[in-house]
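One structure below.
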Protein chains: 2
Amino acid sequence: MRQKKKSELLTEVELEFMTQLWALGEGTVRDVLDQLPEGRNLAYTSAATILKILETKEFVTSKKEGKRHIFTPTLAKDAYQTRSLKDLSAKLFDDTPASLVARLVNDDSLTEEALGQIRALVDRRLKNDTG
Amino acid sequence: MRQKKKSELLTEVELEFMTQLWALGEGTVRDVLDQLPEGRNLAYTSAATILKILETKEFVTSKKEGKRHIFTPTLAKDAYQTRSLKDLSAKLFDDTPASLVARLVNDDSLTEEALGQIRALVDRRLKNDTG
DNA sequence: TTTGAAAAACGAAACTCTTAGTATCTACTC
DNA sequence: GAGTAGATACTAAGAGTTTCGTTTTTCAAA
């Protein structure tokens, strides 16, 4: 009786919407729709459908206020970032975060500045652990 | 007359197959099928279809040898790793690789050892650039 | 040269994802 | 309380993904 393995990852459009909600904190269908970039012409009902799906998948909850729903993420962006990285690491980097970083820092398009920032992050984390 | 932006990313099953091909270097439908993990019971024709799709999408080429096709990746794993990281960075990390690494190194499940490896990688890269 | 096993080609069913039209509901106004 | 504007609910079409059955081809062995 194995639970159908539900994907814990967002689809393309779901991520697009969650990104807006993370930025807004919370919002109605209209709020999210208005937040979408220029040229992204999506029908109101489409946006409503996406948010409904996100609620079904429990990425957001909604409370009713007057006649409209206000949607709030149940999963923080940080947490989803971590989840996505774990997934990518597992699927493409043999579950070895170091090899993921290796690929990242060997990318020529990475700036010197970004590289410096990365080292600072790692150093800080190492200091905190041992301190 | 803009070219319809075709996704340059592999689907779930396509990635599964490319992973086998990357490990094998090259192989037939049978080779890849045999390489799949225990319990992954996939019909021969399914595997053939996936490889055909990968060929259509130009992730692999094939040459005929006797009556069978031998498939070879056209895209190295390294290159696809870079591509995937760029995509994730753009979609979820505001195109800022440092923030991606930040999320990675702040993950509690990351071992001290992995952290050390990561710093070594970054240091080596910084040395090479300035040396 | 027939034939048989393995491979490839073809076609399509089942499913998910994305989008949106139509119908229904809800709260406010007259 | 009837009308209306704006919201939600319902339904579904179209595209892409995953899977595999059936048909056709191909090489080699009898």
Side-chain angles (χ1 to χ4, degrees), chain A residues 2-21 24 26-37 39-72 84 87 91, chain B residues 3-21 24 26-37 39-72 80 84 87 91:
Chain A
R2 186 162 50 80
Q3 170 90 0
K4 171 86 184 305
K5 189 205 66 176
K6 66 164 178 185
S7 168
E8 288 136 355
L9 294 180
L10 297 162
T11 67
E12 193 81 13
V13 176
E14 286 166 4
L15 176 56
E16 181 186 16
F17 273 54
M18 286 302 288
T19 298
Q20 304 311 326
L21 271 187
L24 289 168
E26 60 171 33
T28 63
V29 173
R30 183 65 62 194
D31 293 335
V32 174
L33 197 54
D34 290 347
Q35 181 96 345
L36 292 175
R40 177 71 160 110
N41 292 97
L42 200 58
Y44 179 93
T45 52
S46 304
T49 301
I50 305 290
L51 285 167
K52 171 68 64 61
I53 290 170
L54 284 169
E55 187 169 20
T56 302
K57 294 187 178 177
E58 301 186 352
F59 284 106
V60 306
T61 47
S62 74
K63 60 184 181 234
K64 210 165 180 181
E65 189 163 289
K67 67 176 166 183
R68 56 214 187 318
H69 287 167
I70 297 183
F71 297 89
T72 313
S84 296
D87 177 73
K91 286 200 296 205
Chain B
Q3 171 90 3
K4 170 87 183 308
K5 188 204 69 176
K6 65 164 178 185
S7 168
E8 288 135 355
L9 294 180
L10 298 162
T11 68
E12 192 81 14
V13 175
E14 286 166 4
L15 175 56
E16 181 186 17
F17 272 55
M18 287 301 287
T19 298
Q20 304 313 131
L21 271 186
L24 289 168
E26 61 171 34
T28 64
V29 172
R30 183 64 63 192
D31 293 334
V32 174
L33 196 54
D34 290 347
Q35 182 96 346
L36 293 175
R40 177 71 159 113
N41 293 98
L42 199 59
Y44 178 93
T45 52
S46 303
T49 301
I50 304 291
L51 285 168
K52 169 69 63 63
I53 289 170
L54 283 169
E55 187 168 21
T56 301
K57 294 187 179 177
E58 300 186 353
F59 285 106
V60 306
T61 47
S62 73
K63 61 184 181 232
K64 208 163 181 188
E65 187 163 289
K67 70 174 162 182
R68 58 214 186 315
H69 286 167
I70 298 184
F71 296 91
T72 314
Y80 187 71
S84 296
D87 177 73
K91 285 200 296 206

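Computed from a prediction, not measured in an experiment: that's the story for all the values here. What you see below is based on every heavy atom in this structure, not just the backbone, and it leaves out hydrogens, waters and symmetry mates.
Between B:A47 and B:L33, the closest heavy-atom pair is CB-CD1, 3.9 Å. Pairing each heavy atom of B:Q20 with each of B:L36, the nearest pair is CG-CD2, 3.9 Å. Here the closest non-hydrogen pair linking B:V29 and B:A48 is CG1-N, 3.8 Å. The shortest non-hydrogen separation linking B:T19 to A:K91 is OG1-O, 4.4 Å.
For the pair B:I70 CD1 and C:dA8 C1', the interatomic distance rounds to 14 Å; values are reported in whole Å. With rounding to whole Å, B:K52 atom NZ is found 9 Å from C:dA8 atom P. Remark: P of D:dG6 and CG of A:D31 are 15 Å apart, rounded to the nearest angstrom. The nearest whole Å value for the distance from the CD atom in B:E65 to the C1' atom in C:dA7 is 14 Å. Per the geometry, CD belonging to A:E12 stands 15 Å off C1' belonging to D:dT17, to the nearest Å. Distance, B:R68 CZ to D:dT25 C1': 15 Å, rounded to whole Å. Separating the CG atom of A:L51 from the P atom of C:dT18 is a distance of 13 Å, rounded to the nearest angstrom. Between B:L54 atom CG and D:dT18 atom C1' the separation is 12 Å, expressed in whole Å.
Considering only side-chain N and O atoms, B:S46 lies nowhere under 4.0 angstrom from the phosphate OP1 or OP2 of D:dT19. At the phosphate of C:dA7, OP1 or OP2 sits under 4.0 Å from a side-chain N or O atom of B:R30. Considering only side-chain N and O atoms, B:Y44 lies under 4.0 angstrom from the phosphate OP1 or OP2 of C:dA8.
Among the protein residues, B:L42 comes within range of the sugar-phosphate backbone only, with heavy atoms under 4.0 Å from sugar or phosphate atoms but none that close to a base. Counting non-hydrogen atoms under 4.0 angstrom, B:T49 reaches a base of the nucleic acid. In this structure, B:I50 reaches the bases: a heavy-atom distance under 4.0 Å links it to at least one base atom across the strands shown. Among the atoms of the strands shown, only primed sugar atoms or phosphate atoms (P, OP1, OP2) are found under 4.0 Å from some heavy atom of B:A43.
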With the sugar-phosphate defined as primed atoms, P, OP1 and OP2, and the base as all remaining atoms, what B/S/- string results for nucleotides 22-30 of chain C, 5' to 3', for protein heavy atoms under 4.0 Å? B---BS---
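With distances taken from any side-chain atom of B:T11 to the nucleotides D:dT18, D:dT19, C:dA8, the minimum falls on D:dT18. Listed nucleotides: D:dA7, C:dC17, D:dT18. Nearest to the side chain of A:K57: C:dC17.
Between the side chains of A:D31 and A:T28, a donor-acceptor pair is found at a separation under 3.5 Å.
The list of salt bridge (Lys or Arg N to Asp or Glu O under 4.0 Å) pairs with a residue in residues 39-53 of chain B, not counting sequence neighbours, reads B:E16-B:R40.
With sequence neighbours excluded, the residues that form a side-chain contact (heavy atoms from CB on, under 4.5 Å) with B:T45 are B:A43.
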